[in-house]
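Read the numbers this way: they start at 1 and go in the same order the structure lists the ligands and their atoms.
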Amino acid sequence: MTVTHGGLDLAELRSLGLRPQDVLDFSSNINPLGTSNAVRRAAAGADLASYPDRNCTALVEALSATLDIQADHLLVGNGATELIHLVCRATLQPGDRCLVFDPTFGEYEAAAKIAGAEIHRFHAEHADAFRWDIDRALSTIRSLRPTVVFLCNPNNPTGVYLDAETVERISAAVAANGLLVLDDAYAPLVADAWPPEPLVERYGAAIVRSMTKHHALAGVRLGVLIAPPALCAAVRALQPPWSVSSVAQAAGLAAVEDEAHVEAAREVVRESKAFLAARLETLGLAVTPSAANFLLVDVGDAARVRSALLERGIAVRDCTSFGLPGHIRIGVRILDQSARLVDVLTEVLRSDETR
Ligand SMILES: Cc1ncc(COP(=O)(O)O)c(C=O)c1O
C-alpha cells in the first residue's frame, strides 16, 4: 500500500522544468528555521566509515536525562515511520481491530493493514472544525475493543490539539483492552504543549515522537518510541540492525541539547501562522483553527490549486488522500515566505485556472 505524503517529487518537478531549489516547499511541516548550526556541525562530524552504535547509547542516555524517563522505556528509530510500522508488527495479529482517529496521517492505517489488522476509523467532520465527538469516541472504543488505537496530537492535517484531560480519558478507555499509540510529532512546535509522558506509566500507552519535524531532520530520519519496557523490547527485536545511522545519532544528540532552536521556531510559527490565517481569510478562504505548524485551508478544488501553485514554484499538500479533496495543507514557513505564498495564491485564485 502506497501512502501519499508531502514533500517534493523530483520527477514531477522535472516534468514542469523546475529544480527543487526553485520551489518554496509548504507541503511538509518542517521547522521553518531549518536545521540548527549545532546539529549540522554534529552531523558533519559523524564517523562515516564505522558501523553506527546499534543501541544508540549516547542518544538514549541524553533522551533519558532530558525527559526523565528510564532508558528501558526508550527506543530510537529510523524516523517515527519505522517505529509506527514496527509497533503494528509487534502488537497486531491478522484480524485484530485497529481504530484510527481520522482524518489523519496515512501511515497508521498502512502499517496496521500490513500487520493484517481490520481498520476502523473514528471520523471528525468539517462542520465540527474537525474536532472529534469525544463521548462518542469513548463509547466506540468500549464497544469495539480495539487492540491498537492511533491518535495524532496535534493532528495532521487538521491541527486539532486535544488537551491533557481528554487524552487521559481516551487512554483510560483504550487501556482496558488495548494499546493507545499517541503520535506527537508536531507537539514541540505547539505554543503551550502539555507533556504526555505520564500516560506511559499510567495507562501503558506508547508515544511515537518524530525528531524530523521540530529539528528539521527529515532527510536524516530520526524518531523515538516512549513505551513500557516490554513493548520497547518487542519492537526492538523486530528492528533491523544499524537502522539509525551514525549521522542521525550525532545529529540527534546535538538536537536534544538545542531546545533554544525549537523555542525560536515556535515564535516564528506563532507569528507567521497568525499572518497566514488572517490573510487567507481575507481571500475568502475558510481556515481550520490549528494549534500546529500547519494550516488546513478549504480552497474548493485542492488538486487544481496545488498544480497552479506548483507551476509558480510553490508546493502545498493536496489533502485528497486524507479524504479532503477541497482542502490544501500549508506548512508554516518564515514570514517573508508566507507572504510570497499569499501573493501567489491570490494570483492563482484570481485567474480562471482553478474555477
Ligand atoms: C503525524 C506524523 N507522524 C509521523 C510522521 C513521520 O515522521 P518521521 O519523519 O519521523 O518518520 C509524519 C510525517 O509527515 C507525520 O505527519
Could you tell me whether some N/O pair between [X] and ligand 1 is separated by less than 3.5 angstrom?
| X | answer |
| --- | --- |
| Ser210 | yes |
| Thr212 | yes |
| Ala80 | yes |

Kindly work out whether a path of hydrophobic side-chain contacts (I/L/V/M/F/W/Y, heavy atoms less than 4.5 Å apart) joins [X] to [Y].
| X | Y | value |
| --- | --- | --- |
| Leu217 | Val224 | yes |
| Leu222 | Leu67 | yes |
| Phe122 | Leu138 | yes |

Give a yes/no verdict on whether any heavy atom in [X] is under 4.0 Å from an atom of ligand 1.
| X | result |
| --- | --- |
| Gly223 | no |
| Lys213 | yes |
| Phe294 | no |

>> Once side-chain contact (heavy atoms from CB on, under 4.5 Å) is applied, do any residues pair with Glu259, and if so which ones, sequence neighbours excluded?
In response: Val262, Arg266

>> Within the 3.5 Å criterion, strictly below it, is a donor on Ser36 or Asp258 matched to an acceptor on the partner's side chain?
In response: yes

For ligand 1, which atoms, with element, lie under 4.0 Å from some heavy atom of [X]?
| X | result |
| --- | --- |
| Tyr186 | 1 (C), 13 (C), 14 (O), 15 (C), 16 (O) |
| Gly79 | 10 (O), 11 (O) |
| Ala185 | 2 (C), 3 (N) |
| Tyr108 | 1 (C) |
| Arg221 | 8 (P), 9 (O), 11 (O) |

> Considering all heavy atoms of both residues, which atom of Ser64 and which atom of Ile69 are nearest to each other, and what is their separation?
Replying inline: OG-O, 2.6 Å

List the closest protein heavy-atom neighbour of [atom]: residue, atom name, distance to the nearest 0.1 Å.
| atom | result |
| --- | --- |
| atom 2 (C) of ligand 1 | Asp183 OD2, 3.4 Å |
| atom 6 (C) of ligand 1 | Thr81 OG1, 3.4 Å |
| atom 5 (C) of ligand 1 | Phe105 CZ, 3.4 Å |

> Got more than 12 heavy atoms from elsewhere within 6.0 Å of CG, Asp192?
Replying inline: no

> Counting only heavy atoms not in Asp68, do more than 12 fall under 6.0 Å of its CG?
Replying inline: no

> Considering Ser27, Gly219, Cys152, Gly106, which one's heavy-atom position lies nearest to atom 1 (C) of ligand 1?
Replying inline: Cys152

> Does NZ or CZ of Arg317 lie under 6.0 Å from the centre of the six-membered ring of Phe26, at an angle within 45° of the ring axis?
Replying inline: no

>> Below a 4.0 angstrom heavy-atom separation, can you tell me which part of Phe150, side chain or backbone, both or neither, approaches ligand 1?
In response: neither

> Residues in salt bridge (charged side-chain N to carboxylate O under 4.0 Å, His left out) with Glu168, at least two apart?
Replying inline: Arg202

